[in-house]
Amino acid sequence: MEDIKEYDIPYAYELFNRITASTVVNGQPLWALLLDDTHNLWHCFAQSAFIEDCVAFSITKKFADVAPQYQAVQRSGMSFKYFLVGGLAFVVTLVALIGMRFGPKRVVLYSVDRLSPRGRFDFRIERVYQALAAERAPYVEVFHTVIGKRFVDNLLRRRRAAIYLEGLEWAYFLTRMGKRIFVGRAPTMVIDGLEGLTPDEQEFAKGLIHKYLSIAPLLRYRTDFLTWALRGRTRVVFAIDDARRYQEFMIAAARIGAHSYAFQHSHVTPYHVGWLASGLYRGAYARPDYFVAWNEYWKEELLALNSVWPEGSIIIAGSPKETSVFAATRALPDSPVRTIILAYETHAPQRIVKKVLDTLVECADVRVVIKIRPDLPAEGQLSVFGTVPNSVRVITNLTELAEPVTAVLGTYSTFLYDAVEAGLPVGLIKTPLAYTKRMVLNGLADDVTVDGACAAVGRLAALTTADIGFRQKVLSEAGRLGVVIHDILVHENAVG
């Protein structure tokens, strides 16, 4: 346990903001750079730069520990595997574009190249697909993928052509390689304004900025290509709310006059910087025109967090995820044995979580169940808890749990919101993270401290039916998604 390296997310958040505010690139403030004549460039990268880079750097705060990935950017080329598989993505993209050109005008649907275990769609927006099928609205998909085996596997399972952003990337890199041969490399970036950072932070900031700004020409290329491809063939644009990679797609939609709608797939927190506005950035945000929220609660949260969507652009509809039963029921308050689910969460401060676990196993009449993720190796997840006591059970799916549950504990994941909606008491372990502190502020969860964990279990067990009912009602999804999508399609003249 002593060798565990934890993420320092509050530090990562503060570092991202310092870099954004102070950096000057080729004589211009980083926050003032534009992707085109209208849209801010750095905000396009904000979510990725924060969660993928600043958070990783926060573990040790030493540039040497993350330097290899930035050195790889400097010398990036095209491997033979990437050439073959990326070429396949480009060919499939061309097939989809030909279908668009000679077929009817369509709904264009952006998502991530992910499939549910039982179907050929991204389960997080499965109800959007169902609504399109019910309305007989023709559509074409645009995907972000990772060039490799999973892309090929998903393509074979899906059995339909789609536009792949990485297929366009493949074409761009071939063009860039040709330019390097005949024209030479692009001018070097001059990065200033880092005097307020430590030496390690300065080296990290230079690597970070070079990593993202060096692909700005790729964003412009994909934006121009998508503008050309979608013009005259698009009724309306739907998308999962992926603020890391949908920017070019949304700018293209705006250019051709097609309205765009993003469907909420997860919670939104102060650390979702790609979803949030700031007075610092110059220019417009590359965002969908409308945000389709689960319910009134999430609309109010978006407004409270100062999202990039103004109030009139947030539509209350319901969850696009196929409704699933949270397979756990609440134990009676006077149950002789109190079963506590402790959720594994990737970015949680694990030392604090481990201390809570150690306290819980010593509580009278408490049985602890650790819920790990099915998509990550179990050994790595459990290692953060050190030696797991024999009395603690480990599960990957709630269907493995036969007994009723007294409470669910965690630090930040959507799993906690799902538990509240299912009628289970939720305890939020007190950490420096700001992810879900608003759950407690909004009366949806109770604080749990290391020393007070046993007492917290008692309080959670004693919550009244009225208390639980209030929490459920606040988070219950609106249940109007099909109606809202129908109305959008009729308004946009996109019904088949």
Side-chain angles (χ1 to χ4, degrees), residues 1-13 50-69 114 117 146 148-150 266-267 269 271 327-328 338-363 366-401 405 407-416 418-419 426-436 448-454 456-457:
M1 186 69 190
E2 293 304 318
D3 295 330
I4 289 178
K5 296 179 179 179
E6 291 188 336
Y7 301 105
D8 187 347
I9 294 181
Y11 163 81
Y13 177 74
F50 166 63
I51 203 68
E52 296 173 13
D53 295 85
C54 293
V55 169
F57 176 73
S58 75
I59 296 175
T60 65
K61 305 176 180 63
K62 295 184 182 300
F63 181 65
D65 294 331
V66 296
Q69 65 168 301
R114 182 182 296 188
V146 176
K149 183 177 184 299
R150 181 172 292 185
S266 182
H267 63 180
T269 76
Y271 294 138
R338 293 170 173 174
T339 298
I340 303 299
I341 296 178
L342 182 60
Y344 169 82
E345 297 160 321
T346 310
H347 291 154
Q350 297 299 348
R351 284 185 175 82
I352 297 176
V353 176
K354 168 61 175 171
K355 289 178 180 178
V356 169
L357 172 63
D358 292 341
T359 301
L360 289 174
V361 296
E362 298 298 327
C363 299
V366 168
R367 177 182 301 158
V368 181
V369 177
I370 295 177
K371 163 68 172 67
I372 61 175
R373 292 174 48 164
D375 59 334
L376 296 174
E379 296 79 9
Q381 298 181 67
L382 294 177
S383 67
V384 303
F385 298 105
T387 302
V388 177
N390 293 331
S391 62
V392 174
R393 185 179 172 191
V394 179
I395 63 172
T396 57
N397 195 302
L398 292 176
T399 56
E400 302 170 42
L401 199 62
V405 175
V408 176
L409 305 187
T411 64
Y412 74 85
S413 60
T414 305
F415 182 74
L416 303 180
D418 292 339
V426 168
L428 190 68
I429 298 172
K430 203 162 187 176
T431 73
L433 297 182
Y435 267 117
T436 44
V448 176
T449 62
V450 172
D451 295 334
C454 296
V457 169

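Numbers here simply count residues along the sequence, with the first being 1. All values derive from a computational prediction rather than experimental measurement.
Of all heavy-atom pairs between L401 and V405, the closest is CD2-CG2, 3.5 Å. Here the closest heavy-atom approach between residue C454 and residue T359 is recorded as SG-O, 3.9 Å. Across I9 and Y435, no two heavy atoms sit closer than the pair CD1-CE1, 3.7 Å. The two residues V384 and Q381 have their closest heavy-atom pair at CG2-O, 3.0 Å. Across every non-hydrogen atom of A456 and V448, the tightest pair is CB-CG2, 3.8 Å.
One distance of note links CG of L409 with CG of L357; it measures 10.5 Å at 0.5 Å rounding. How far NZ of K430 is from OG1 of T449: 7.5 Å, rounded to the nearest 0.5 Å. In this structure, CG on L376 lies 11.5 Å from OG1 on T396, to the nearest 0.5 angstrom. Between the CG atom in D53 and the OG atom in S58 there is a gap of 11.0 Å [rounded to 0.5 Å]. Taken to the nearest 0.5 Å, the OG1 atom of T60 stands 11.0 Å off from the CG atom of D8.
Remark: the T339 side chain and the R393 side chain contain no N/O donor-acceptor pair separated by less than 3.5 Å.
Annotation: side chain of P432 is in contact with side chain of I352 (closest heavy-atom distance under 4.5 Å). Within the 4.5 Å cutoff, no side-chain heavy atoms of V368 are placed close to those of S391. No side-chain heavy atom of T431 sits less than 4.5 Å from a side-chain heavy atom of Y412. Counting only heavy atoms from C-beta outward, the side chains of L398 and F415 approach each other to under 4.5 Å. Residues V388 and I370 meet the side-chain proximity criterion, which asks for heavy atoms closer than 4.5 Å. In this structure, the side chains of P10 and L433 come closer than 4.5 Å at one or more pairs of heavy atoms. At a threshold of 4.5 Å between non-hydrogen side-chain atoms, the residues V392 and L342 do not count as touching.
Every residue two or more places apart in sequence or in another chain that forms a salt bridge (Lys or Arg N to Asp or Glu O under 4.0 Å) with E52 is listed here: R244, R245. Residues passing the salt bridge (Lys or Arg N to Asp or Glu O under 4.0 Å) test with D418: none are found, sequence neighbours excluded. Remark: D451 pairs with no residue by the side chain to side chain contact (heavy atoms under 4.5 Å, CB included) rule, at least two apart or across chains.
Between the side chain of E6 and the backbone N or O of R351, at least one donor-acceptor pair lies under 3.5 Å. When atom types are taken as modelled, the side chain of K354 and the backbone of F385 share a donor-acceptor pair closer than 3.5 angstrom. At distances below 3.5 Å, not a single donor-acceptor pair connects side-chain atoms of K371 with backbone N or O atoms of V394. A donor-acceptor contact shorter than 3.5 Å links the side chain of Q350 to the backbone of E345.
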Step by step, would you call I59 with D65 a side-chain contact (heavy atoms from CB on, under 4.5 Å)? CA-CA 9 Å; I59 296 175; D65 294 331; over 6 Å; no

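The 12-atom threshold is exceeded at NZ of K61, counting heavy atoms of other residues, nucleotides or ligands nearer than 6.0 Å. The number of heavy-atom neighbours closer than 6.0 Å to CG of N397, taken from other residues, nucleotides and ligands shown, is above 12.
Ring orientation note: the planes of Y271 and Y13 are nearly perpendicular, at an angle over 60° on the 30°/60° scale.
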